[in-house]
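Everything on this sheet refers to the single structure shown next.
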Number of protein chains: 2
Amino acid sequence: MTGDGVAEKQVTEKSTGRARGIDRVIALMEHLHDRRAPTRIADIARDTGTPRSTMYELVNTLVEARWLELRDGDGTVYFGPAMHYYGSDYLDSVDLIRKARVEVAHIAETVGETAQFCTLDGDKYLVVLNEPGRRMFRISSEIGIKVPIPWTASGRLLVDHMDADEIRRFIPSDDFTLPDGRRIAEDEFLEDMRRARTQGYVRTTALVDRFTTCLAAPVRDPAGRCIATICFVVPADTTEEAQQVMIDTLKASAERLSPGR
Amino acid sequence: MTGDGVAEKQVTEKSTGRARGIDRVIALMEHLHDRRAPTRIADIARDTGTPRSTMYELVNTLVEARWLELRDGDGTVYFGPAMHYYGSDYLDSVDLIRKARVEVAHIAETVGETAQFCTLDGDKYLVVLNEPGRRMFRISSEIGIKVPIPWTASGRLLVDHMDADEIRRFIPSDDFTLPDGRRIAEDEFLEDMRRARTQGYVRTTALVDRFTTCLAAPVRDPAGRCIATICFVVPADTTEEAQQVMIDTLKASAERLSPGR
DNA sequence: GACCGACGTCCGATATTTCGGACAAACGGT
DNA sequence: ACCGTTTGTCCGAAATATCGGACGTCGGTC
């Protein structure tokens with residue numbers, strides 16, 4: 001079984017059960033992205049609230065278009081190569097992301113640790129680019145997965161421009177509770193932000209993962225607003241000197257990425 | 001105008017003009033991928049043979065799902081972030097590609113030239129991964145674009161396992177004609193293949209581009225069949241010593257990527 | 001060897017989505 | 001200021017894609 005506590009979600013039905021094929025397909029793709037694993041067609045149908053016969057029909061169409069691929073010989077499907085092609089076209093079409101790819105690849109290679117490029121999506125934090133370092137202990141990608149802002153180092157930079165009130169209104173209260181149940185005090189979060197702004201970087205340790213430290217530097221627009229971050233994800237026992245090198249590296253990269261300067 | 005000689009293609013109508021939304025969406029995405037540029041909705045509708053009102057309806061749905069994005073303030077659309085997320089999921093789910101990403105990134109960084117990972121799709125050659133080198137003279141990605149096999153260095157490795165007859169049947173005759181009109185003699189192609197097999201790499205110069213040299217090494221399955229290639233794209237005037245270093249680098253990477261050994 | 005559940009396909013009916021065309025607004029050239 | 005072109009929205013009609021359910025297979029279990 002692949003069941004590993006993934007949040008299942010029914011597609012929101014309206015009056016009747018009937019829906020457009022395209023809406024079914026969107027639900028299907030989102031479901032695969034949430035699970036992040038090849039999934040059997042019948043399971044997708046059940047979990048998205050799509051009739052089985054409809055799902056088979058759509059999957060056949062999508063497999064033919066290479067949007068999906070049949071996997072493993074068992075009846076599971078997952079994303080196909082067409083998604084990679086379209087995704088690459090997207091990356092190349094966004095100026096900041098195209099430049100960030102170069103930076104992230106470069107610092108991940110030279111420093112040898114996992115580097116990421118992150119931004120906000122609504123009131124959530126999002127990894128846009130992820131380049132595994134040499135040790136590569138994180139296997140499955142986190143790209144496109146939404147995470148509460150307070151769980152991350154970068155989050156403390158990305159809401160940089162807001163005051164305490166705005167932040168309270170912007171970040172859902174539940175998001176201050178970590179996966180292990182601990183709660184981040186608001187004052188603490190605000191203090192992290194303040195320090196980050198003066199120092200030009202953030203460091204957090206053992207936030208979502210007990211043995212991980214995150215280092216992040218802000219990419220700012222001409223108005224000084226933090227529009228993205230570039231960061232390292234390293235073991236918590238990394239030496240202070242090594243971390244200082246990484247911080248300098250991040251600051252330099254973030255500076256190069258900051259548009260209009 | 002963005003018109004730059006892109007092959008337009010009508011969607012193949014059957015009896016009536018009516019088609020499923022999902023088929024129209026597939027045509028839409030393929031069209032954007034072919035053009036590789038933000039495109040106005042009315043133009044997409046015309047070029048894919050989709051009614052204008054239908055296309056507006058679909059685009060709205062897709063923009064909401066982040067599959068597409070409105071660009072530039074003018075009425076153009078292009079791929080959205082969701083495609084990148086799904087594409088990343090695909091890359092991570094395919095073992096060989098995940099490993100190839102590491103290799104390609106590494107050799108592109110250390111050597112400083114553009115490195116690629118390529119394979120076949122039907123009877124065409126395809127770039128799957130592309131890591132720009134430091135000089136980065138090629139701007140727009142070629143990822144997912146099909147190219148005739150004889151136009152490429154890698155192509156000479158990828159049909160490695162066929163004899164002269166099989167190749168004649170496999171590669172469309174037109175594909176031996178280069179973009180500038182020159183024609184590659186079949187003997188010449190076969191001779192390139194033979195040399196490649198003994199040497200363990202291919203070098204081609206001035207094939208599709210007068211000033212470019214390609215160096216490629218084969219990734220082979222346990223049966224010895226070439227299932228992919230890893231290659232460098234460099235200026236034709238690169239010194240022979242530098243090229244030898246690259247060839248050794250490619251061979252080592254290709255060896256590491258060859259499964260089951 | 002009989003039973004059970006899951007898989008994948010097929011088919012007819014109808015609720016719905018696609019389509020064509022009309023319309024107003026915005027644009028741009030003269 | 002005029003007029004031709006393009007953009008985006010809206011609407012009713014009908015062609016058809018979605019849906020539910022039935023059916024044959026396959027594989028595992030008791």
Side-chain angles (χ1 to χ4, degrees), chain A residues 1-3 8 10-32 35 37-65 67-78 80, chain B residues 1-3 8 10-32 35 37-65 67-78 80:
Chain A
M1 286 305 300
T2 38
E8 313 289 356
Q10 299 281 116
V11 74
T12 33
E13 317 266 334
K14 36 184 67 170
S15 46
T16 92
R18 187 145 187 197
R20 294 192 304 175
I22 179 64
D23 291 328
R24 297 296 194 192
V25 170
I26 290 171
L28 153 60
M29 301 299 257
E30 281 173 358
H31 186 67
L32 285 183
R35 302 217 27 184
T39 306
R40 282 177 315 178
I41 299 176
D43 289 342
I44 303 172
R46 178 174 26 74
D47 295 338
T48 58
T50 306
R52 239 158 40 83
S53 58
T54 304
M55 188 53 79
Y56 274 103
E57 161 71 21
L58 292 174
V59 167
N60 284 337
T61 303
L62 297 177
V63 166
E64 202 167 348
W67 290 27
L68 297 180
E69 248 181 19
L70 295 166
R71 293 291 171 92
D72 301 331
D74 61 352
T76 64
V77 292
Y78 202 53
Chain B
M1 284 304 298
T2 39
E8 313 289 357
Q10 299 281 115
V11 75
T12 36
E13 317 266 334
K14 35 182 70 171
S15 45
T16 93
R18 184 144 188 199
R20 296 193 302 175
I22 180 63
D23 291 328
R24 308 244 94 134
V25 170
I26 290 171
L28 152 60
M29 301 299 258
E30 280 174 357
H31 186 66
L32 285 183
R35 303 217 26 186
T39 307
R40 284 177 316 181
I41 299 176
D43 290 342
I44 304 174
R46 178 174 27 74
D47 295 338
T48 58
T50 306
R52 239 161 39 86
S53 58
T54 304
M55 187 53 78
Y56 274 103
E57 162 71 20
L58 292 174
V59 166
N60 284 336
T61 303
L62 297 176
V63 166
E64 200 166 351
W67 290 26
L68 297 180
E69 249 181 18
L70 296 165
R71 295 291 172 91
D72 302 329
D74 61 353
T76 64
V77 292
Y78 203 51

Check your understanding: Does the base of D:dA17 carry an N or O that pairs as donor and acceptor with the side chain of B:Arg18 under 3.5 Å?
Key -> no
For nucleotides 25-27 of chain C, tabulate all protein N/O to nucleotide N/O atom pairs closer than 3.5 Å, reporting atom names and distance.
none

Practice item. Quick one, give me the B/S/- string for nucleotides 7-12 of chain D, reading 5' to 3', where B means a protein heavy atom under 4.0 Å from the base and S means that only happens at the primed atoms, P, OP1 or OP2. Key: BBBB--
Rounded to the nearest Å, what distance is computed from the [atom1] atom of residue [X] to the [atom2] atom of nucleotide [N]?
{"X": "B:Asp23", "N": "C:dC19", "atom1": "CG", "atom2": "C1'", "value": "15 Å"}
{"X": "B:Glu57", "N": "C:dT17", "atom1": "CD", "atom2": "P", "value": "9 Å"}
{"X": "A:Ile22", "N": "C:dT16", "atom1": "CD1", "atom2": "C1'", "value": "16 Å"}
{"X": "A:Ile44", "N": "C:dC7", "atom1": "CD1", "atom2": "P", "value": "11 Å"}

Review point. Would A:Thr50 and A:Ile44 count as a side chain to side chain contact (heavy atoms under 4.5 Å, CB included) if you check the C-alpha gap in whole Å, the side-chain angles of each, and the deciding distance to 0.1 Å?
Key: CA-CA 8 Å; A:Thr50 306; A:Ile44 303 172; over 6 Å; no
Could you measure the distance from the [atom1] atom of [X] to the [atom2] atom of [Y]? Nearest 0.5 Å is fine.
{"X": "B:Arg40", "Y": "B:Asp47", "atom1": "CZ", "atom2": "CG", "result": "10.5 Å"}
{"X": "A:Met29", "Y": "B:Trp67", "atom1": "CE", "atom2": "CH2", "result": "4.5 Å"}
{"X": "B:Thr39", "Y": "B:Leu28", "atom1": "OG1", "atom2": "CG", "result": "9.0 Å"}
{"X": "A:His31", "Y": "A:Thr48", "atom1": "NE2", "atom2": "OG1", "result": "7.0 Å"}

Point to revise | Net bend of the helix from C:dG1-D:dC30 to C:dT30-D:dA1, end axes of five pairs each, nearest 10 degrees | key: 40°
Please write out each protein N/O paired with an N/O of nucleotides 24-27 of chain D under 3.5 Å, distance rounded to 0.1 Å.
none

Exercise for review: Using a 4.5 Å cut-off on heavy atoms from C-beta on, say whether the side chain of B:Val25 contacts that of B:Thr61.
Suggested key: no
Exercise for review: State, yes or no, whether a side-chain contact exists between B:Leu68 and B:Leu32 at a heavy-atom distance under 4.5 Å.
Suggested key: yes
Review point. Does B:Arg24 make a side-chain N or O approach to OP1 or OP2 of C:dT17 shorter than 4.0 Å?
Key: no
Check your understanding: With B:Asp74, which residues qualify under side-chain hydrogen bond (donor to acceptor under 3.5 Å, both in side chains), at least two apart?
Key -> B:Thr76
Point to revise | Pairwise salt bridge (Lys or Arg N to Asp or Glu O under 4.0 Å) hits with a residue in residues 52-65 of chain B, at least two apart | key: A:Arg20-B:Glu57
Point to revise | Which atom of B:Gly21 lies closest to which atom of B:Leu58, heavy atoms considered | key: O-CD1, 4.0 Å
